[in-house]
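The structure appears below as C-alpha cells.
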Amino acid sequence: MRKEDKKTSKPLWAGRLSEKPEEQAFAFQASINIDKRLVFDDIECSKAHAVMLGKQGIITKDSASKIKNELDKIAAEIKSGKLEIDTTQEDIHSFLESALTERLGDIGKMVHAGRSRNDQVAVAFRLFLKRTVPVLQSEISFAVNVLLDTAQLHVTSVMPGYTHLQRAQPVTLGYHLTAWACALQRDITRFSDALTRLDECPLGSGALAGTTLPLDRKTTAATLGFSRSTLNSMDAIADRDFAIEISSACAVTMVHLSRFCEDIILWASEEFKFIELSDSWSTGSSIMPQKKNPDFAELIRGKTGRTAGNLVTLLTLLKGLPYAYNKDLQEDKESLFDSIDTLSVCLKMFAGMIKDASFNLKRMKAACIGGFLEATDTAEYLVKKGLPFRAAHETAAKIVRDCIEKGFKHISSLNIAELKKHSKLFEEDIYKAITPLACIKARNLPGGPAPKEVRRQIRILRKKIL
Ligand code: ARG
C-alpha cells in the first residue's frame, strides 16, 4: 500500500487545512485509545445537548429526537458488540459525531451546534467520575467492613503496639485493624468532598467563551444529573482540579493500603510470625522450596508509587498551562484512569487477603512480654498513688533497668519487696494492673484500646460507611 493510501479518518477540523494529516502525526495527537472509555458519558452528554437544542428551537424537535434515538442505538450496539469503536478516529467525540453523521446525514451534523470538544470532554470526564468514584467508594467500604468484621473477633486478642517499630504499649489486634479502618473511612469522605466540587456542568462553555446560540445550560446540567452549571466558561474549560483531587484521593488511599501492607509483610516474616496469609494469597519461590511470600501485599505497596506518580503527572501537566484549553489537557485522562484502576484492584486484593488470613494469637500475646510494654502503666500506677508523672517515669525506667540486669522480662517478675525498694507506693495490686489485658482494659478513654471502647469505634465506623 502506498503511504498516501493508508487510512486516516477525516478529522472534524479538516476544512481549514489543505492537506490530509500526516499519518504518524495524526496518530500522535489522537486520544481515542484512551478516551474511548468515556463513550457512554459522551453519548449522554450529546443526547442532553441535542434535546436542549430542539427545545430552544436551534434545531427542529424532530431532528433532536432523531439524534437522541440514534445515539441510544449507537450505545446499545456498542454494548452488544455490534458496533466497534473505530480507533482510527481522533477521539471518542469525533467517532460519535461521525457515526451519527454516517447514519443520519445532515441531521447528524447538527449536534455540534453551540459546543466544542473542549466543553464536551470536560463534561464527559466529569460524568465518568460521577459514575466511577461511588464504585471506588463502595470498594473501600467493602474493605472497611472486612477489617471491622475481623477486628470484632479480636477485641481481646492482645498484641504489642509499636512506635519506632519498637514495642511500645499493649493493644489488641481488633484495635490495630480498627485504626486501619479509620484511615479508609476518611478516604471515603475525601472522595465525597471531591465529588461535591466536581458536581458542576461545563456544557455550554463552548471552546472557552460560551456561544452566541441561545443554549439552556440549566436544563442540560439538570438532565445530566449535575447540581449546577459552572460559573465561568473560561475556567470551566481550563479546570482540571477535579481530576487532581480524585487522583490525590486515590494516591492517599493507596498510601494507606501500602502502610497496612507494610505491617502485613512484617507480620508475615518469621521474625514476627503474627499473621499466616492463606496459601491462595501467597506465592512461592522458583528456587527456594520453603518460601511462602506475601507478594500481594508487596505489589499493593509497589503500585502505590504509580498512583503518587500519576498525581505528580497531573500537577506537572497543569502548572505551566495558560488559560484556557491547551492540547496538553488531553494527557489528563490516562493517568487518572490508571490511578482508579490501580486503586480498585488493590482494594479487592487487600480485602481478599485480609478475609482469608489467620492470626497467630499466641505469638502476638507472647510478644507482649519482653519489651516492658507495661512500663507506662507502672508509671501511671504511681501517678494514681500521688507521685508526679516525671518522678514516676524515672522510677519505672529504673525498674526496667533493674529487670534487665536481673534477666527478667516483665516488671511483675520483681517481688513486692524489690518493687518497694524503688517506691514505697507499690502494693500487691500492681501485679494485677500490669498484665497486658489489664493495661488494655484500663485504657478505656474514647479512642483507646479497651475492648468495650473498640466495639464502640467499630459501631461508629460501620454507621459512617453506610
Ligand atoms: N481529545 C481532546 C481532549 O481530550 C478533545 C479536545 C480537543 N480540542 C481541541 N481544541 N483540539 O482534550
Side-chain angles (χ1 to χ4, degrees), residues 8-17 20-21 30-32 35-36 38-79 82-128 201-226 229-230 233 236-237 324-325 330:
T8 49
S9 316
K10 191 176 161 202
L12 298 172
W13 33 260
R16 167 67 178 82
L17 307 172
K20 268 178 83 176
S31 58
I32 193 155
D35 58 34
K36 63 183 175 191
L38 302 178
V39 62
F40 299 115
D41 305 294
D42 202 52
I43 287 174
E44 287 312 307
C45 169
S46 293
K47 278 164 54 186
H49 183 67
V51 171
M52 179 276 296
L53 290 177
K55 269 202 192 136
Q56 296 298 99
I58 300 167
I59 63 175
T60 64
K61 285 219 164 105
D62 182 53
S63 302
S65 77
K66 283 199 173 108
I67 292 172
K68 181 176 181 275
N69 293 343
E70 206 54 45
L71 283 166
D72 278 333
K73 267 193 215 155
I74 290 173
E77 287 176 26
I78 291 172
K79 270 188 193 136
K82 194 173 160 204
L83 177 63
E84 236 184 81
I85 295 174
D86 170 11
T87 52
T88 66
Q89 298 272 352
E90 184 182 349
D91 57 24
I92 194 62
H93 321 290
S94 310
F95 165 72
L96 286 169
E97 190 176 324
S98 75
L100 208 52
T101 304
E102 230 168 71
R103 291 156 177 240
L104 296 179
D106 280 348
I107 292 177
K109 293 182 186 171
M110 292 175 180
V111 71
H112 210 55
R115 74 176 188 187
S116 156
R117 278 182 300 162
N118 296 356
D119 58 348
Q120 219 182 327
V121 72
V123 180
F125 200 11
R126 285 177 190 242
L127 276 179
F128 169 84
C201 184
L203 197 56
S205 297
L208 78 163
T211 171
T212 60
L213 298 173
L215 305 190
D216 176 358
R217 295 195 61 203
K218 223 174 163 181
T219 295
T220 44
T223 310
L224 291 170
F226 285 98
S229 301
T230 46
S233 293
I237 294 312
Y325 183 83
Q330 183 169 283

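Atom set for the values below is all heavy atoms of this structure, side chains included, hydrogens, waters and symmetry mates excluded. Since the model is a prediction, treat every value here as computed from it, not as a measurement.
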CG of Leu127 to CG of Leu38: how many Å apart, nearest 0.5 Å? 9.0 Å
Quick one, Gln56 and Leu215 - any side-chain contact, counting heavy atoms below 4.5 Å? no
Counting C-beta onward and ignoring hydrogens, is there a side-chain heavy-atom pair between Ile67 and Ile59 closer than 4.5 Å? yes
Nearest 0.5 angstrom please: Lys47 NZ to Leu224 CG, how far? 9.5 Å
Over all heavy atoms of both residues, which pair between Ala324 and Ile237 is shortest? Give the atoms and the distance, please. CB-CG2, 4.1 Å
For Ala122 and Ala236, which heavy atoms make the closest approach, and how far apart are they? CB-O, 4.2 Å
Tell me whether Asp119 contacts the main-chain N or O of Ser116 through its side chain, where contact means a donor paired with an acceptor under 3.5 Å. yes
Taking Glu70 for its side chain and Leu100 for its backbone only, find out whether a donor-acceptor pair lies under 3.5 Å. no
Approximate separation, where rounding is to 0.5 Å, of Leu96 CG and Asp86 CG: 11.0 Å
Under a 4.0 Å threshold between the charged nitrogen and the carboxylate oxygen, would Arg117 count as salt-bridged to Glu97? no
Using a 4.5 Å cut-off on heavy atoms from C-beta on, say whether the side chain of His93 contacts that of Arg115. no
Residue pair Ile74 / Arg103, side-chain heavy-atom distance below 4.5 Å: yes
So, using side chain to side chain donor-acceptor pair (under 3.5 Å) as the criterion, who are the partners of Ser98 when residues are at least two apart? Gln89
Salt bridge (charged side-chain N to carboxylate O under 4.0 Å, His left out) contacts touching residues 207-222 (sequence neighbours left out): none
The reported gap from NZ in Lys73 to CG in Leu104 (rounded to nearest 0.5 angstrom) is 8.0 Å
Distance-only, no hydrogens or angles: does the Asp35 side chain make a donor-acceptor pair with backbone N or O of Ile92 under 3.5 Å? yes
Distance in Å, Leu203 CG paired with Gln120 CD, rounded so as to fall on 0.5 Å steps: 8.0 Å
Least distance between heavy atoms, Ser31 atom then Asp91 atom: OG-CB, 3.3 Å
Which value, rounded to the nearest 0.5 Å, describes the distance between Phe95 atom CZ and Glu84 atom CD? 9.0 Å
Side chains of Ile85 and Ile32 in contact at under 4.5 Å (non-hydrogen atoms): yes
Could you pull out the closest heavy-atom pair between Thr220 and Ala48, with the gap in Å? CG2-O, 3.5 Å
Looking at every non-hydrogen atom in both residues, tell me the closest pair between Ile107 and Ser63 and how far apart they are. CG2-O, 3.8 Å
Between Ser229 and Ala221 the two heavy atoms that sit nearest each other are OG-CB, 3.7 Å
